[in-house]
Structures are given as structure tokens and as C-alpha cells.
A.B. asks: 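Handing you this structure, nothing more for now.
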Amino acid sequence: MNLFPENVSALFPVTLEPCLPGEDGDTDTPAIQLDEPDNLTLCQLLTPLVSHFYYCGMTRHETGYDCDVVLLPLTPLTEHLKAIKQSTQQVPLTERLLKVFRRWANLNVELLRLTLPRRQQNFGIEQQIWGHESAVHSPAIRRRARKLTDDCCDFCGYTSKHNTLIFRNSNPEDTADTNLGVACPVCACSRHLNNLGANDGVMVYLPELSPADISHLLRTVSIARQQGDERQKQGATTILRWLAEHRAEAEAFWGTCHPGEFGQALMQARDRLREDLQQRLRHIALIPNPELISGNITADSIKPSTWLSLLNQYRTQN
């Protein structure tokens, strides 16, 4: 799990519960559920213990939002909170947690299950900063970003020397190492949504595909359109049509499939409303115009011969 606690949403509660030994358990051991602001306070307390996390995977809450689930040993967490309690920077939440942890320790609990609501950040906007030319960045900053990331896309994991520089908080004046990343050509389009025009792509409803899957698929389609034989080019056209068909659902619900209009909505929203909007857009994806990405994609993606089977697989899942 990356960027803890930045990837945790403040909109929903964080849950901490004991992994009880034996099969019967104890019905009188309720989970701790922390709402804002205690949910973010807990995440800040846990940050020094990230090396102890064991990531289990993702689950979906009954109300519809996605969560990351990790296991955390009780003993180091207890010792960490005790140290905080004895320091001058006491946090009121620590005493409440320690009281519960003592009870869980008496039940021979060794591991805790931590459920963290995932902050959805599938789209980004480029901040408008007076006097800053967004298209011009220092070559030294680009080189630093490539070195820091090993050319690995922040969003889909695709590694290529053609990946482009991004600023993780959308502020191009913040050149700290922690704010520098790279994105593949497909993911980069989604990070500058407010700069896209009507002919630059469409927004589609695709809950069955993750953003990373869509990026990998579109890169492969682009390669096939450029370098494939006639059959592969026809397959690429089939893929693109199938993806674009899903704009009807997006337009029916949101009233538009224009990426720039979604970008403007994100740009005008305040931070908390923007996070809520990102959550509601978690099943919406950008399908960029192939001409936008074709110049920065090399032939080291999935082989074109595999994508018809991928299409059939996803149609079966749908």
C-alpha cells in the first residue's frame, strides 16, 4: 500500500479490530470505529509503524466505498502509544486506545485488523499559477523525477523512459522529492483533466475495469494501431469502440462525457467536496484520443495478440 496516510479518506471511518485466537472468539470485543478527526489522528499515530503493516488486500464496505485492509501487531503499537503518552506531545486518543489494547492483550490478541477507507484519486487537475508556464519544466527536475521513481508510473506501474513528469499535489512550484513523480501517457491525461478539450477524449462508465487495466489496454491498442498487421488494427478498433460505447452511461448520469467539464467541476470544488466527487467518480474512466498518446508509447506493452482474449474476459465479467 503506497503513500500512507495520504491515501486514506477522511470521509469515512477507520476501523480497528482484534484478530481473536481460536474459532469461537469473544462476542464482547467490539471493533474501534473512528470518525473524523480521530480517523486521521490514528493514521498519523500509525505512520511510524508502516514497516509493521501486512497488506491483505482491498474490500468494499457495505455502503459502497473501497477499503484497504492491513494487519498490525498489537505489541509494537502498544509500546509506541505508551511512548507518545509519556512524551510532552500527548494525544487524547492514545489513552482511549491503550485502555482497549490492554483488554485485547488479556484475550491473547496478537494482531489487529485495520480497515482504511481508500481515498479515490483517479483524476487530477493542473493548478493555474500566475506567471508559471505549465509546459516548461527544468530538465534537472525531470531527471530527478525519473531517478526517484525509476521511470515507474505512479498510477499504473508502467515503466518507460517516455513517462512524463507530474507533481503529485498538482502544484508545479513544489519541487520537493516527495512531490515529484512520473506518469505514463495514458495516466498523464487523467492528471490534467481540466486542460482537455472536446476532441481530446471521452469519459466512460467502466466499473469492471481498474484505471491501471485501462491504461495497459490503451497502450496496447495504440501500439497495434501503429505497428500491427491488418487483423490487429481491426482488433484495436474493436477495443476502442467497445470502450467508447460506455460514454452513454456517463452522459446519462452526469449530463456530459466531456473530460474538460469534469475537470472544471473538480477545479471549482473545495477540498472536501473534491474528495467526495472523486469518490463518486471512482467507476468513471477517461478514454483519451489515441492521437494524444501515440507519440509517447513504445512497443514494450502487452503483445497485441493477447487483447482480443482480454476483451472477451472482461465482457464475460461484465
Side-chain angles (χ1 to χ4, degrees), residues 2-3 6-7 119-129 131-204 209-227 236 240 243 258-260 262-264 266-267 278 281 284-302:
N2 298 322
L3 297 176
E6 290 87 347
N7 62 343
R119 173 178 289 171
Q120 300 294 333
Q121 302 179 81
N122 292 341
F123 303 109
I125 54 175
E126 188 171 51
Q127 291 186 18
Q128 307 297 316
I129 298 178
H132 182 89
E133 179 56 54
S134 62
V136 179
H137 299 296
S138 164
I141 294 178
R142 294 177 185 273
R143 288 193 296 270
R144 184 150 53 100
R146 291 186 60 189
K147 182 177 180 180
L148 289 167
T149 61
D150 292 326
D151 284 327
C152 181
C153 175
D154 272 24
F155 311 103
C156 71
Y158 177 66
T159 300
S160 171
K161 64 181 181 180
H162 296 291
N163 288 349
T164 57
L165 170 69
I166 61 160
F167 298 91
R168 289 170 176 152
N169 66 2
S170 300
N171 182 358
E173 292 194 334
D174 182 356
T175 59
D177 285 356
T178 54
N179 194 42
L180 298 181
V182 298
C184 79
V186 180
C187 294
C189 291
S190 295
R191 311 320 297 176
H192 305 108
L193 213 57
N194 55 315
N195 291 339
L196 298 182
N199 295 323
D200 292 334
V202 294
M203 306 296 282
V204 300
L209 283 176
S210 71
D213 286 338
I214 292 174
S215 292
H216 298 319
L217 191 59
L218 285 172
R219 283 194 306 272
T220 305
V221 165
S222 180
I223 292 168
R225 283 166 54 89
Q226 298 176 66
Q227 304 174 20
L240 283 175
L243 291 170
H258 187 323
F262 282 83
Q264 288 300 318
L266 287 168
M267 193 171 181
Q278 289 269 24
L281 292 174
I284 298 293
L286 169 68
I287 306 301
N289 186 324
E291 302 305 321
L292 282 181
I293 61 176
S294 60
N296 293 319
I297 292 181
T298 55
D300 53 357
S301 292
I302 305 170

A.B. asks: Around atom CG of Asn199, are there more than 12 heavy atoms of other residues, nucleotides or ligands at under 6.0 Å?
C.D. replies: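 Incorrect, the count does not exceed 12.
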
A.B. asks: For the residue pair Ala188 and Thr164, what are the closest heavy atoms and their distance?
C.D. replies: CB-OG1, 3.6 Å

A.B. asks: Taking all non-hydrogen atoms of both residues into account, name the closest pair between Gly263 and Ile125 and its distance.
C.D. replies: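 Heavy atoms only, the tightest pair is O-CG2, 3.5 Å.
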
A.B. asks: Determine, stepwise, if the pair Val204 / Leu243 fulfils side-chain contact (heavy atoms from CB on, under 4.5 Å).
C.D. replies: CA-CA 7 Å; Val204 300; Leu243 291 170; 5.7 Å; no

A.B. asks: Roughly how far apart are Leu281 CG and Asn122 CG, rounded to 0.5 Å?
C.D. replies: 8.5 Å

A.B. asks: Do you know which two heavy atoms are closest between Asn195 and Asp200, and how far apart they sit?
C.D. replies: O-OD2, 4.3 Å

A.B. asks: My understanding is that only residues two or more places apart in sequence, or in another chain, count here; which of them pass salt bridge (charged side-chain N to carboxylate O under 4.0 Å, His left out) with Arg143?
C.D. replies: none

A.B. asks: Any donor-acceptor pair under 3.5 Å linking the side chain of Thr149 with the backbone of Gly181?
C.D. replies: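 Such a contact is absent between Thr149 side chain and Gly181 backbone.
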
A.B. asks: Taking all non-hydrogen atoms of both residues, which atom of His258 and which atom of Gly197 are closest, and how far apart?
C.D. replies: CE1-C, 3.5 Å

A.B. asks: Would you compute the distance between atom NZ of Lys147 and atom CG of Asp177 and round it to the nearest 0.5 angstrom?
C.D. replies: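 Answer for the NZ-CG pair, Lys147 versus Asp177, is 10.0 Å.
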
A.B. asks: Donor-acceptor pair, Arg219 side chain versus Tyr158 backbone, under 3.5 Å?
C.D. replies: no

A.B. asks: Checking Asp174 now: which residues fulfil salt bridge (charged side-chain N to carboxylate O under 4.0 Å, His left out) with it, not counting sequence neighbours?
C.D. replies: none

A.B. asks: Find out whether Asn194 and Leu266 are in side-chain contact, i.e. whether some heavy atom of one side chain is under 4.5 Å from a heavy atom of the other.
C.D. replies: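 Asn194 does not reach Leu266 side chain to side chain.
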
A.B. asks: Please answer whether the main-chain N or O of Asn179 pairs with a side-chain N or O of Asn169 as donor and acceptor at a distance below 3.5 Å.
C.D. replies: no

A.B. asks: If you look at every heavy atom in Ile284 and Phe123, which pair is closest and at what distance?
C.D. replies: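 Smallest heavy-atom distance, with atoms named: O-CZ, 3.1 Å.
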
A.B. asks: When rounded to the nearest 0.5 angstrom, what is the spacing between CE in Met267 and CG in Leu193?
C.D. replies: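 These two atoms lie 11.5 Å from each other.
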
A.B. asks: Between Asp154 (side chain only) and Ala183 (backbone N and O only), is there a donor and an acceptor less than 3.5 Å apart?
C.D. replies: no

A.B. asks: Given side chains that start at C-beta, do those of Ser294 and Arg225 come closer than 4.5 Å, heavy atoms only?
C.D. replies: no

A.B. asks: Yes or no on side-chain contact (heavy atoms from CB on, under 4.5 Å) for Ile214 and Ile287, after CA distance, side-chain angles and deciding distance?
C.D. replies: CA-CA 8 Å; Ile214 292 174; Ile287 306 301; 4.0 Å; yes

A.B. asks: To the nearest 0.5 Å, tell me how far Glu291 CD sits from Ser222 OG.
C.D. replies: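 The distance works out to 8.5 Å.
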
A.B. asks: Indicate yes or no: at least one non-hydrogen side-chain atom of Leu218 is less than 4.5 angstrom from one of Pro288.
C.D. replies: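 Yes. Closest side-chain heavy atoms under 4.5 Å.
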
A.B. asks: What residues form a salt bridge (charged side-chain N to carboxylate O under 4.0 Å, His left out) with Asp150, not counting sequence neighbours?
C.D. replies: none

A.B. asks: Decide yes or no on side-chain contact (heavy atoms from CB on, under 4.5 Å) for Val186 and Cys156, but give the supporting numbers first.
C.D. replies: CA-CA 9 Å; Val186 180; Cys156 71; over 6 Å; no

A.B. asks: Rounded to the nearest 0.5 Å, how far apart are CG of Leu209 and OG of Ser215?
C.D. replies: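 Result: 10.5 Å between the selected atoms.
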
A.B. asks: Can any side-chain N or O of Gln121 pair as donor or acceptor with the backbone N or O of Gln278 at less than 3.5 Å?
C.D. replies: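 No; judged by distance alone, with no hydrogens or angles, the pair does not exist.
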
A.B. asks: Looking at CG of Asn7 and CZ of Arg119, how far apart are the two atoms once the value is rounded to the nearest 0.5 Å?
C.D. replies: 8.0 Å

A.B. asks: What pair of heavy atoms forms the shortest contact from Met203 to Leu286, and how long is it?
C.D. replies: SD-CD1, 3.8 Å

A.B. asks: Between Asn163 and Asp151 (side chain of the first, backbone of the second, donor and acceptor by atom type, cut-off under 3.5 Å), is there such a pair?
C.D. replies: yes

